There are 2 protein chains.
Amino acid sequence: MGIQQKRSKYREEFRREILAEARELFITEGYEKFTMRKLAGKIDYSPPTIYLYFKNKDDLLLAICEEVAEQYFANLKLIIARYTDPLQTLRQALLYFIEFGFNNPHQYKVFFSMKPDLYGKKEEFMEKESMAKNSYLIFREIVQDCIDAGRLRAMDTDVMTQSLAVAVQGLVLMTIYRQSFPWADRNLLASALVDCLLRGYLK
Amino acid sequence: MGIQQKRSKYREEFRREILAEARELFITEGYEKFTMRKLAGKIDYSPPTIYLYFKNKDDLLLAICEEVAEQYFANLKLIIARYTDPLQTLRQALLYFIEFGFNNPHQYKVFFSMKPDLYGKKEEFMEKESMAKNSYLIFREIVQDCIDAGRLRAMDTDVMTQSLAVAVQGLVLMTIYRQSFPWADRNLLASALVDCLLRGYLK
DNA sequence: ATGTTAACTTATCGTCGTTAAGGAAGTTTT
DNA sequence: AAAACTTCCTTAACGACGATAAGTTAACAT
């Protein structure tokens, strides 16, 4: 049992090492050029070795997603702690989300390189533990606080949360993915959109 | 010259035929399973034949995009003609965009399967003719009308147009791409978001 | 010493986008 | 009418991909 533990400990260590290298490869080379073979080369192992630690490429991408979500989640919690006014908290949370996307375009793209149902079936998402789920729930809480405090209109919390979320995600996605388009200044767009959204749901 | 014309006419005809089959394959099989080889099989020609009519896969995807944008653009013009109140026109335009995305998820995905700069460099987009450009400009015009009529706040037209656009595109993209997530009712989200956006920019 | 297991390799499969080279048919030139 | 050229399409192949099968090596257990 002791040995088993030791082994699985090394195993987990190596897995995390691969993951770290994978994330770096993703960031430096971008999604389009990220391949299992290149990753194998980067860690100086043969390609099949990766498959001993990850079921397949999607599994690995999901793991990267979770790492990214974890990083986002941790910072979001710090932001929440910094503000007392619920509306101010929400504003900063929205702005931080956009900033995170702008600063980490490659990480952000991972989420959209995955299959539509990589997080499982519709019901499974809320049952399984995931940083993606945690991030949504904490964001939902912020919105709920605004409603409870009477600062935002009383309406279905999920509808409000999700409509806010998709709006800011749209900004990040579009500016990242459609670089041919003559976008206005990103930061201008960000503050205009967030202002508009909050104003739109103001009580 | 007459013969040349005849030839290029047939050539164009075949090209459009391939395009039509490609779009159908895209719709029925989805982006992930769309391959040049399958398309070749579908039109009963060998794979390299397609390359006589399209430079490469991206070129073909771009052509599909333009077809989709053309369809969207045509319908959008009809909607504009139907309403006189500028704000009402904008509302319907936003709702139609979302509806279009919901009803044509596969076509919509084409735009995001393309390389970031498939429409050329940043300056080229506005110079070259494209249905994507036309769609943006007509949408921008609607927004401009609302501002001019004093119904929406006076601010940079492009910033307002683009922030509205990315918000609704976010809704479509997220619901299409992240199907594991327990979204609220799509139509509820759509009307809530559009209401919020218009309210947010109201004068 | 022998059997067992884990970790890793090489070799390979099937698929993809794409290109090279060539052939068949029609068109133009002589 | 024969020869040369052009157009259109084919077969064959390249390199890269994700992934699997089968085999090797070394550590460990008995």
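A note on names: the letters A, B, ... follow the listed sequences, proteins ahead of strands, and every chain is numbered from 1. Just so it is clear, the structure is predicted and the values come from calculations on it, not from any experiment.
Here the C1' atom of nucleotide dG18(D) and the CZ atom of R37(A) are 7 Å apart, to the nearest Å. Rounding to whole angstrom units, CD1 of residue I43(B) and C1' of dT10(D) are separated by 13 Å. The interatomic distance linking N56(A) (CG) with dC17(D) (C1') rounds to 14 Å, in whole Å. The distance between atom CD1 of I50(A) and atom C1' of dC17(D), rounded to the nearest whole Å, is 13 Å. Taking atom NZ on K55(A) and atom P on dG18(D), their separation rounds to 17 Å, with Å as the unit. Rounded to whole Å, the distance from CZ on R11(B) to C1' on dT7(D) is 10 Å. Between the C1' atom of dC14(D) and the CE atom of M36(B) lies a distance of 17 Å, rounded to the nearest Å. With rounding to whole Å, L60(B) atom CG is found 15 Å from dC16(C) atom P.
In terms of phosphate contacts, T49(B) brings no side-chain nitrogen or oxygen within less than 4.0 Å of OP1 or OP2 of dC8(D). Neither OP1 nor OP2 of dC8(D) sits under 4.0 Å from any side-chain N or O of Y45(B). Between Y10(A) and dA7(C) there is no side-chain polar atom (N or O) within less than 4.0 angstrom of OP1 or OP2.
Residue contacts shown for P47(A) are absent, as no nucleic acid heavy atom lies under 4.0 Å away. Nucleic acid contact class of F54(A) (heavy atoms, under 4.0 Å, all strands): none. Note on T35(A): only backbone sugar-phosphate atoms sit closer than 4.0 angstrom, heavy atoms only; bases stay farther off.
The two residues D158(A) and Y136(A) have their closest heavy-atom pair at OD1-OH, 2.6 Å.
In this structure, of dC9(D), dC17(D), dA21(D), it is dC9(D) that holds the atom nearest to the side chain of Y53(B). The listed nucleotides are dC9(D), dT10(C), dA20(C); the one nearest the side chain of P48(B) is dA20(C).
For Y72(B) and F97(B), the ring centers sit closer than 6.0 Å to each other. The aromatic ring centres of F14(A) and Y53(A) sit less than 6.0 Å apart.
Residues R82(B) and Q92(B) form no side-chain contact, since every pair of their non-hydrogen atoms from C-beta on lies 4.5 Å or further apart.
Side chain to side chain, E70(B) and N134(B) fail the donor-acceptor criterion of an N or O pair below 3.5 Å.
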